[in-house]
Amino acid sequence: MIMKKSIKWRLTITFIIVIVCCIGSILLFNTIFLEKLYVNRKKGVIKQSYYALENGITEAYDMGYTLSDLFRLRKSTISGNNESNLSRFLRELQEIYGVIVILMDSNNKTYSLFQNNSRFERRIKDYIYKDVVSGDGIEILEKTDLYTIVVTKPTGKSNSDNTKSNDAGPTEFYESSGPSQSDNKSNQSRRPVISDFANRGSDIECFGFLSDNKTAFFITIPVESIKEPIELFNKSLIVVSFVIILIGSIAIFVISNNLAKPLLELSEISKKMSRLEFENKYDGKREDEIGILGNTMNDLSEKLEKNIGELKNANLKLKEDLQQREQLDLMRQEFVANVSHELKTPIALIQGYAEGLETEGIADSAENREYYVSVIKDEANNMNTLVHQLLDLSAIERGASDIDIARINLKEIIDGIIENYKLNLTDNGIKPELKIDDNIYVWADGYKLEEVVKNYLSNAIHHVDDHKKVLLAADCIENDKVRFYVFNSGIQLPDDEREKIWEKFYKVDKAHTRSYGGTGLGLSIVKAIAEQHGSTCGCENCSVDGIDGMKFYFDFSAK
């Protein structure tokens with residue numbers, strides 16, 4: 001599928017547009033400015049030649065030499081050639097730059113390197129005396145007080161007479177090398193004659209007077225037509241441009257395709273990341289900007305996956321916290337209802353029996369009064385027990401109850417509690433069994449340990465069956481753990497019931513619990529004490545000596 005805004009197509013089209021614009025600019029520049037630049041360059045050569053000629057001849061005049069003296073043959077001490085300094089200078093101008101110089105003194109005598117110089121002699125005289133600058137085919141490039149630079153263009157007229165005439169005034173001819181005149185003549189074949197420059201096309205010519213206002217000069221340089229080379233160059237450039245565009249477009253397409261491929265891969269990875277799919281990773285080995293982007297996306301993917309996982313865990317924890325809060329609210333409501341219910345009965349009894357004491361006939365009897373008062377006292381004690389248990393449980397759960405850990409002999413604590421419960425045990429026909437060594441020590445808060453033993457023993461007394469079997473024992477279950485437990489024969493509970501009995505105010509048999517004045521808080525207090533000690537507690541169905549029942553245990557630290 002080709003995308004309209006694909007990078008590879010945009011790069012390819014951009015490359016073609018840039019190349020076409022560059023080539024078009026070159027063609028336009030060549031067509032408009034190249035010929036002008038060429039003419040200006042030739043013009044600069046002529047001006048440099050003029051200033052060099054002006055400085056050299058003026059300096060020679062100041063030293064007392066004449067123009068004829070300057071053309072006089074001299075023996076060169078370096079090259080050994082018989083050639084004047086001026087002749088050598090003019091020859092170098094011609095050979096290096098193609099510049100031809102004609103000089104004319106105040107006697108209209110001309111000097112040059114050409115034996116047949118009638119055309120140039122006529123040109124200098126026409127410029128000096130006839131003012132032909134304004135003629136057809138002549139364009140002025142620059143004009144000053146001393147010189148004028150023009151460009152001449154062919155008019156189509158024949159100049160053959162100019163190249164053949166040889167009677168245009170006195171002329172002196174000097175060769176640039178050779179020991180004698182005959183040698184000079186033999187070298188004419190190596191010198192370009194005037195006809196070589198007659199029909200080349202346009203010329204740039206400079207004429208005027210030197211600063212002495214006596215010596216006239218004429219400088220010319222042929223300007224070959226460069227229109228045809230420009231046209232040929234432009235055509236060649238167009239052909240080469242098509243080849244460059246074709247090859248370049250293919251290369252750019254391949255390169256851009258290599259660039260676009262990993263970008264498409266990264267785009268696909270980003271789409272999957274947006275769908276929270278983090279399995280795909282960029283595995284390219286590039287070390288450029290795309291490689292950096294790919295590695296960055298990999299890092300981003302890992303961090304997003306980690307953060308989203310943490311966010312989900314936080315959401316789950318938040319849900320759990322909300323559920324716990326809802327449960328706490330329900331438990332609070334249930335707690336208030338249970339407390340209200342637990343207090344409602346004793347308050348109603350106290351209120352009823354107190355009113356009965358005020359009733360005539362009932363209050364008159366001492367036996368009735370004693371009975372009513374005993375009921376009121378029992379219910380008040382139950383209320384007091386409930387309130388104290390609530391305060392203890394609340395203090396433990398809030399962390400407001402301090403704990404004083406000490407090393408305690410477990411057997412001594414349990415012996416004291418059994419002695420206190422001796423009357424209650426005897427009234428219920430229970431003879432408890434003890435299986436605890438005298439040398440078992442545990443680390444615990446003494447008061448809280450007593451609370452655990454009292455609640456377990458009280459629970460066993462109230463739920464023991466007709467077998468009347470109650471056992472208090474302690475075993476070392478690990479190197480640093482002692483498990484204390486209380487067994488009572490009686491009804492065994494299913495698993496769901498065993499989990500609920502640790503909740504506040506939960507009662508398996510409410511009628512039975514009411515009969516002995518239970519509050520449903522004893523086991524909740526035991527669980528809170530276990531959490532406060534960093535320990536565990538629990539219950540399980542079991543059999544002792546072939547008798548079924550339940551065992552409630554509490555683990556203490558022995559070290």
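If you read the sequence from its start, that first residue is 1, and numbering goes on from there. Just so we're clear, the structure is a prediction, and the values are computed from it rather than from any experiment.
- Here the closest non-hydrogen pair linking Ser211 and Thr58 is OG-OG1, 3.5 Å.
- Phe29 is linked by a ring-ring contact (aromatic ring centres under 6.0 Å, His included) to Phe33, counting only residues two or more places apart in sequence or in another chain.
- Between the side chain of Thr215 and the backbone N or O of Asp105 there is no donor-acceptor pair closer than 3.5 Å.
- Between atom CD of residue Glu499 and atom CG of residue Leu493 there is a gap of 11.5 Å, rounded to the nearest 0.5 Å.
- Judged as a side-chain contact (heavy atoms from CB on, under 4.5 Å), and not counting sequence neighbours, the contacts of Leu311 are Asn315.
- For Ala52, the side-chain contact (heavy atoms from CB on, under 4.5 Å) partners are Phe89, not counting sequence neighbours.
- Taking each heavy atom of Ile245 and Val20 in turn, the nearest pair found is CD1-CG2, 3.7 Å.
- For Thr536 and Asp555, the side-chain atoms include at least one donor-acceptor pair closer than 3.5 Å.
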Exercise for review: Check the pair Trp502, Cys539 against side-chain contact (heavy atoms from CB on, under 4.5 Å), reporting the backbone distance first and the verdict last.
Suggested key: CA-CA 10 Å; Trp502 304 97; Cys539 65; 4.2 Å; yes

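- Under the 30°/60° scheme for interplanar angles, the aromatic rings of Phe207 and Tyr127 are found to lie parallel.
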Review point. Going through the checks in order, is the side-chain contact (heavy atoms from CB on, under 4.5 Å) test met by Ile57 and Leu103?
Key: CA-CA 11 Å; Ile57 294 178; Leu103 297 173; 3.8 Å; yes

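- Between Lys317 and Asp321 a salt bridge is recorded (basic side-chain N to carboxylate O distance below 4.0 Å).
- The line from OH of Tyr97 to CZ of Arg41 is 8.5 Å long, rounded to the nearest 0.5 Å.
- Qualifying side-chain contact (heavy atoms from CB on, under 4.5 Å) partners for Ile17, counting only residues two or more places apart in sequence or in other chains: Ile13, Cys21.
- No more than 12 heavy atoms of other residues, nucleotides or ligands lie within 6.0 Å of CD in Glu59, so this atom counts as exposed by the packing criterion.
- The CD atom of Glu54 sits 11.0 Å away from atom OH of Tyr147, with the distance rounded to the nearest 0.5 Å.
- Looking at heavy atoms from C-beta onward, Asn541 lies in side-chain contact with Arg498 at the 4.5 angstrom threshold.
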Practice item. Could you give me the CA-CA distance, side-chain angles and deciding distance for Ile204 and Ile149, then say whether side-chain contact (heavy atoms from CB on, under 4.5 Å) is met? Key: CA-CA 7 Å; Ile204 295 180; Ile149 301 176; 3.9 Å; yes

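- The shortest non-hydrogen separation linking Tyr50 to Phe209 is OH-O, 4.2 Å.
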Review point. Please walk me through it: do His533 and Trp443 pass side-chain contact (heavy atoms from CB on, under 4.5 Å)?
Key: CA-CA 9 Å; His533 279 72; Trp443 289 94; over 6 Å; no

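- Take Lys500 and apply the side-chain hydrogen bond (donor to acceptor under 3.5 Å, both in side chains) test, not counting sequence neighbours, and it matches no residue.
- Distance alone, capped at 3.5 Å, is enough to place a donor-acceptor pair between the Asp212 side chain and the Lys214 backbone.
- No side-chain heavy atom of Ile244 sits under 4.5 Å from any side-chain heavy atom of Ile23.
- Nearest heavy-atom pair across Asp203 and Pro222 is OD1-CA, 3.2 Å.
- The salt bridge (charged side-chain N to carboxylate O under 4.0 Å, His left out) check on Lys143 picks up nothing, with sequence neighbours excluded.
- Summarising the geometry, atom CG belonging to Leu90 is positioned 9.5 Å from atom CD belonging to Glu92; distances are rounded to the nearest 0.5 Å.
- Distance check: Leu318 CG to Gln324 CD gives 11.0 Å after rounding to the nearest 0.5 Å.
- The two residues Ile221 and Lys42 make their nearest non-hydrogen contact at CD1-CD, 3.6 Å.
- We find the CD-CD1 distance between Glu205 and Ile46 to be 8.0 Å, quoted to the nearest 0.5 Å.
- Considering every non-hydrogen atom in both Leu146 and Leu210, the closest pair reads CD2-O, 4.2 Å.
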